[in-house]
Amino acid sequence: MNVIILPSARERDADANLSAFVAKGRASKAFGVVDFDADVWCDVQLSKAKRITAGNTGPKQLHFLVGTGARGAEDKGALAKPLNDFVKALLRLREEARPQHIENHRVMLRAVRHLHAIMEELNYDPCRLLPRHFDAAARRAVAMETPSTAYATGKFLAEIVGWINQHGVGRIRIEWRNVIPRPSNDDRISEDAAKRRTDKMPSPAALEALPKIAQLMNSTTLPADLIRMRTVELLVCGGWRINELLTIPADCEVEEGNVGDEDYRYGIRYFAEKGYGPDIKWISTPLISVAKRAISDIRRLTQDVREDAKFIFENPGKHPMPVLQGDADELIQVADMAAAFNTTGPIMTGICKTRQVNLPARGKIRRGDLACALLADVPVVPAAFPLKLHQFMFLIRENEMHARRGAVPGTVRTVVWEMISDFITGAEGVQNVFQRYGFSEPDGTLITVKSHAFRHWLNTLAQEGGMSQELIARWSGRKDMNQNSFYDHVSGADLAKKVRGMIESGGLIGQVAKVRETLPPIERDAFLATQISTGHVTDIGICAHDWQLAPCPVHGDCATCGEHIIDKNNADQRAAAERQLEQVESMLAIAEAEAVDGTLGAPRWVEAHRRKRIGLLEVIAVHNDIAIADGTFVHLGSKGSDGR
DNA sequence: CGCACGTTTGCGTGGCACTA
DNA sequence: TAGTGCCACGCAAACGTGCG
């Protein structure tokens with residue numbers, strides 16, 4: 001005898017409600033025109049724009065597939081029905097109810113995949129879902145994801161419960177709340193967290209190598225390398241997030257005061273994340289010259305592309321290449337077009353083919369077709385972003401960063417973060433810049449740096465007050481770190497400690513030491529701590545200025561600076577001072593000649609050089625003074641012809 | 001005003017597409 | 001046909017905000 005189990009009324013309702021829900025989803029206009037039954041929704045339209053990130057210009061997709069991983073993973077089957085249809089309807093209705101960024105929908109899909117994984121026994125029927133199934137999905141998320149992601153997944157599972165209840169899709173009303181705890185961020189101080197932080201820092205070998213590579217680059221360096229190297233230098237100077245840097249305007253420099261003045265500042269405008277808020281990153285004094293060089297080089301190397309982008313903006317529908325201007329219907333020989341594109345016939349044909357430009361006659365290209373195709377792949381900047389494309393600093397040609405392909409004339413592309421990543425991190429089959437220039441870790445392994453590392457590094461330096469020691473020694477002061485000096489590889493704070501110790505033991509002479517002696521013993525330590533709280537090594541001595549409090553008041557002119565300490569008879573420092581004196585004297589001779597000729601500003605220039613000369617002579621006099629023991633730290637105090 | 005919350009963002013990864 | 005730059009998606013967490 002056959003037993004026929006009739007569905008209960010509640011079950012019939014649930015099934016009917018699911019059908020109605022899916023029908024509603026099918027009818028929805030959310031996401032624009034998509035094939036509802038396709039496993040992948042291509043070119044999803046969203047009413048909420050994504051923030052401009054340099055590489056984020058293409059169409060968006062939603063994958064209704066099992067399994068995770070980047071595109072192309074082999075085990076990606078479609079989500080089983082009827083869950084599949086339910087999810088599609090769910091995404092459309094939630095987008096309709098409240099527009100979201102594409103990532104938000106993808107997180108929802110991720111939560112659904114966890115649910116899918118435990119629904120085989122239910123034949124993937126959402127009507128049969130019970131609280132324990134959500135528990136199982138949540139457990140799966142906790143097991144597979146990090147705490148913060150698992151928490152987010154739990155939240156989306158709870159949202160699914162809400163939709164099921166609201167539309168009567170479940171056979172019973174499901175009572176389920178997200179039980180996955182949100183991780184607290186107390187973790188910052190744990191040892192694990194500290195280790196994670198140091199893992200993110202650039203290695204000492206990387207920090208040593210970068211200034212050297214920067215110096216090795218010259219006029220013969222490929223633009224692709226120079227642009228990327230200067231970009232990395234900017235990361236060192238400012239610690240931006242990579243996309244904040246790559247979206248700076250070409251007109252980004254901000255200066256306050258005059259170069260040489262005490263309150264001179266140099267900054268770079270950029271758009272902070274979230275809301276595109278404009279902001280200025282003020283560059284630490286010792287790095288201003290590095291930043292200026294980087295900006296000037298990048299601007300120069302990207303100028304052509306920017307001009308093309310501007311032309312396109314100002315002449316809608318027209319292409320800037322002369323060969324593409326004129327009668328749109330004119331047929332041009334492939335060979336002639338190739339010559340204009342500075343390439344060969346076959347590659348020219350390839351450029352057309354890629355852009356689906358058909359050749360109407362054998363070996364001939366219709367001018368208008370190619371112009372249209374090239375204009376169509378110019379990146380589109382979201383209207384909400386405060387810059388037009390031609391105002392971007394980082395503009396290049398298609399394939400400009402390609403080692404083996406030629407840059408395609410007449411194209412406009414943005415520099416994307418992966419290009420910088422390949423440059424400093426490398427990838428399978430891609431040598432990074434450290435490899436190419438022959439630098440490696442002390443143990444011979446590969447140096448790799450991640451773009452965010454510089455941000456961590458600058459933050460850490462700022463916290464430890466060691467900014468000046470590191471930055472100046474590497475980028476602005478001495479050309480090479482002297483491996484033998486006792487003060488190398490110590491933090492600014494340690495160096496200051498050393499100097500204070502020298503004062504206390506009588507090993508330092510000069511103004512600070514004199515003042516200290518006039519104080520009651522109980523106040524001496526506190527006085528020294530305020531006077532010399534940090535330090536860094538310069539070409540000709542030790543600087544006691546705290547760069548955290550104020551930029552360099554004399555702009556690196558250490559010889560005339562009252563905060564400078566001489567290490568008596570240190571051979572390197574003495575040689576550097578003598579070399580500087582030589583240069584100053586020859587510059588002074590020129591300056592004096594120009595002052596006589598009446599060149600504008602020359603008298604001031606002469607005065608500056610005279611002051612520097614006097615300072616250097618005093619420094620050398622200290623090194624020569626037989627009354628001072630070698631190794632004594634000598635603090636010269638205020639000096640200079642104007643009595644500063 | 002402080003904390004918890006929801007959401008947007010950056011960064012990592014892997015492979016397709018396209019040039020030479 | 002070989003090789004890799006460029007691109008898209010997933011993951012984790014940093015971010016701004018809103019609530020108590």
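Only this structure's heavy atoms are used, side chains among them; waters, hydrogens and symmetry mates stay out. For clarity, every value in this text was computed on a predicted model and none was experimentally measured. Naming: A, B, ... by sequence-line order, numbering from 1 per chain.
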Problem set entry | Proximal nucleotide (of C/dC7, C/dC6, C/dG10) relative to the A/R413 side chain |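 In terms of side-chain proximity for A/R413, the closest of C/dC7, C/dC6, C/dG10 is C/dC7.
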Problem set entry | Closest nucleotide among C/dA12, B/dT19, B/dT7 to the A/T149 side chain | C/dA12
For [X] and [N], what is the distance between atoms [atom1] and [atom2] respectively, to the nearest whole Å?
X	N	atom1	atom2	answer
A/M401	C/dC7	CE	P	12 Å
A/E400	C/dC7	CD	P	13 Å
A/F156	C/dG10	CZ	P	13 Å
A/F341	B/dT19	CZ	P	13 Å
A/M348	B/dT19	CE	C1'	14 Å
A/N399	B/dA17	CG	C1'	11 Å
A/I351	B/dA20	CD1	P	8 Å
A/M108	B/dT8	CE	C1'	16 Å

For this session: Decide, yes or no, whether a salt bridge links A/E233 with A/R230 under the criterion of side-chain N to carboxylate O below 4.0 Å.
Result: yes
Problem set entry | Set of residues satisfying side chain to side chain contact (heavy atoms under 4.5 Å, CB included) with respect to A/A136, sequence neighbours excluded | A/I118, A/R139
Exercise. OP1, OP2 of C/dC9 versus side-chain N and O of A/R110: anything below 4.0 Å?
Worked result: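 Result: no.
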Exercise. Below 4.0 angstrom from OP1 or OP2 of B/dG6, is there any side-chain N or O of A/Y151?
Worked result: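 True: A/Y151 side-chain N/O within range (under 4.0 Å) of B/dG6 OP1/OP2.
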For this session: For A/H105, check side-chain hydrogen bond (donor to acceptor under 3.5 Å, both in side chains) against everything at least two apart and list the hits.
Result: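 Result, side-chain hydrogen bond (donor to acceptor under 3.5 Å, both in side chains) vs A/H105: A/R94, A/E95.
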Problem set entry | Six-ring centre of A/F64, A/K88 cation under 6.0 angstrom, axis tolerance 45° |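 Judged by the rule (NZ or CZ under 6.0 Å from the ring centre, within 45° of its axis), A/K88 counts as positioned above A/F64.
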